[in-house]
Number of protein chains: 2
Amino acid sequence: MSKDETTEQKILEAAKRVFQKKGMGGARMQEIADEAGINKALLHYYFRNKEQLFEGIYKESFRKIFPQFNEILATDEPMEKKMATLVNNYIDMLLENPQLPSFVIYEMNREPRNFLDFIQSNEVRPKFDILVNLLEEEAKKGKIKPIPAFHIVINMIAMCVFPFAAAPMIKGIAGIDDITFNKMMEERKEIVTQFILKAIEP
Amino acid sequence: MSKDETTEQKILEAAKRVFQKKGMGGARMQEIADEAGINKALLHYYFRNKEQLFEGIYKESFRKIFPQFNEILATDEPMEKKMATLVNNYIDMLLENPQLPSFVIYEMNREPRNFLDFIQSNEVRPKFDILVNLLEEEAKKGKIKPIPAFHIVINMIAMCVFPFAAAPMIKGIAGIDDITFNKMMEERKEIVTQFILKAIEP
DNA sequence: GTCTATAACAGGATAGAC
DNA sequence: GTCTATCCTGTTATAGAC
């Protein structure tokens, strides 16, 4: 943590770590203050209350976890290449933010209303339909199997995201450490891409 | 809720609902008492404390979420049939316990040590290795593609479990209600099975 | 902006009557 | 077994000095 960060930045980083690990309910303002190297009062000086601090972190998580397919899909690469890039980028993002899946899954289930309000704001609305449309077109052209496109998208996201959400289980059962786990996830980029492309071959 | 349930049963059912939705940290003894139609004091009469009540619910969840592959895999059906049965049974269980994935994912990330202790007790230890072994044998025989078997198993579980963990997102984005969601998950039994079998064809 | 001290409250747990 | 009332600890939030 560099020393010339502003206090606000330090707070936000600390809050991110603590909230992502413990969730809104389990997080403690004291712990966030400690992590940021300040005290509780100053925390409240910057963010009136816990709720407000949480909202910021929560929204930021959406921006990352909902892939913005637009740029990738706008290229004129063939579908196979686009799919590979999507999987690669998504797994890369998750390697950098491994706590994101469990955090968002917990919060969206704990307070679905809150969650739904967020994703209806234009700012963080996920745009799966672009990918769904692409797949449907490919199916019409007979270039892929006519599986309902929505399920293909869910499968792709599931295979990318789930291992991170269930990381403690995978590490525990396979008996591997963090470094080996990360290597495994690197491997998955290629494996998941091939798995999907093979599955949707006509 | 039938009226001749014992109080203990009512408590356990209420606790299950509340804990699965809110987790250990977010759950309130008051809320569990309300759901069970009793008061807090009586809750403590039956279960000394929150921790103890929680542990029971948590362990029970493992028993359900870790498929005991043994019986299914012990049959002499062909591999394709076994895979189909696994996916069917797993999705059926999840349709009956839709909150299970998000609950277990949250708790295993919140307190990994606790989680690891549990799955090392023989009672709830998952037995993925049986399926891994089967797939490796099939690969040796050249009957399936030589993809690392561990990844195939993760993919299978991911495609079954993830949609339930991320249900609020799927419902919100697709704009569907619970009934439509459940129908979609029924659909997935066949779709996921075919998706996997196609993907691992030699 | 940052701190110490403290108010205000929520939530788990217990005492004791019935 | 079940209730009401209460205690006690931990946590959020604020007041006020520097």
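Letters A, B, ... mirror the listed sequences (proteins, then strands); counts begin at 1. On a predicted model such as this, the values are computed, not experimentally measured, just so you know.
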Quiz: residues 147-161 of chain B side-chain donor-acceptor pairs under 3.5 angstrom, not counting sequence neighbours:
from, atom 1, to, atom 2, distance (Å)
His151(B), ND1, Arg188(A), NH1, 3.1
His151(B), NE2, Glu187(A), OE1, 2.9
Asn155(B), OD1, Arg188(A), NH1, 3.2
Asn155(B), OD1, Arg188(A), NH2, 2.5
Asn155(B), ND2, His151(B), O, 3.4

With a cut-off of 3.5 Å and sequence neighbours excluded, list every side-chain donor-acceptor pair involving residues 170-181 of chain B.
from, atom 1, to, atom 2, distance (Å)
Lys171(B), NZ, Asp178(B), OD1, 3.3
Asp177(B), OD1, Ile179(B), N, 3.3
Asp177(B), OD1, Thr180(B), N, 2.9
Asp177(B), OD1, Thr180(B), OG1, 2.6

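Taking Ala199(B) as the reference, Phe195(A), Ala199(A) meet the side-chain contact (heavy atoms from CB on, under 4.5 Å) condition, with sequence neighbours excluded. When the side-chain contact (heavy atoms from CB on, under 4.5 Å) test is applied to Glu77(A), the partners found at least two apart in sequence or on another chain are Thr75(A), Lys81(A), Lys82(A).
Counting 5' to 3', DNA chain C first comes under 4.0 angstrom of a heavy atom of chain A and last does so at the ends given by dG1(C) to dT4(C).
Contact check of residues 38-47 of chain A against DNA chain D (heavy atom, cut-off under 4.0 Å) returns Lys40(A), Ala41(A), His44(A).
Aromatic ring orientation, Phe62(A) versus Tyr58(A): tilted (interplanar angle from 30° to 60°).
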- [ ] Assess whether side chain to side chain donor-acceptor pair (under 3.5 Å) is satisfied between Glu186(A) and Asn182(A), documenting all intermediate values.
- [x] CA-CA 6 Å; Glu186(A) 286 284 347; Asn182(A) 284 357; over 6 Å; no
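Distance CG (Asp34(A)) to P (dT12(D)): 12 Å, rounded to an integer number of Å. Distance Lys50(A) NZ to dG10(D) P: 16 Å, rounded to the nearest Å.
The pair Lys145(A)-Glu201(A) does not count as a salt bridge, with every side-chain nitrogen at least 4.0 angstrom from each carboxylate oxygen. Between Lys140(B) and Glu137(B), no side-chain nitrogen of the basic residue sits less than 4.0 Å from a carboxylate oxygen of the acidic one, so the salt-bridge criterion is not met.
When heavy atoms are screened at a 4.0 angstrom cut-off, Ala27(B) is found touching the sugar-phosphate backbone but no base atom.
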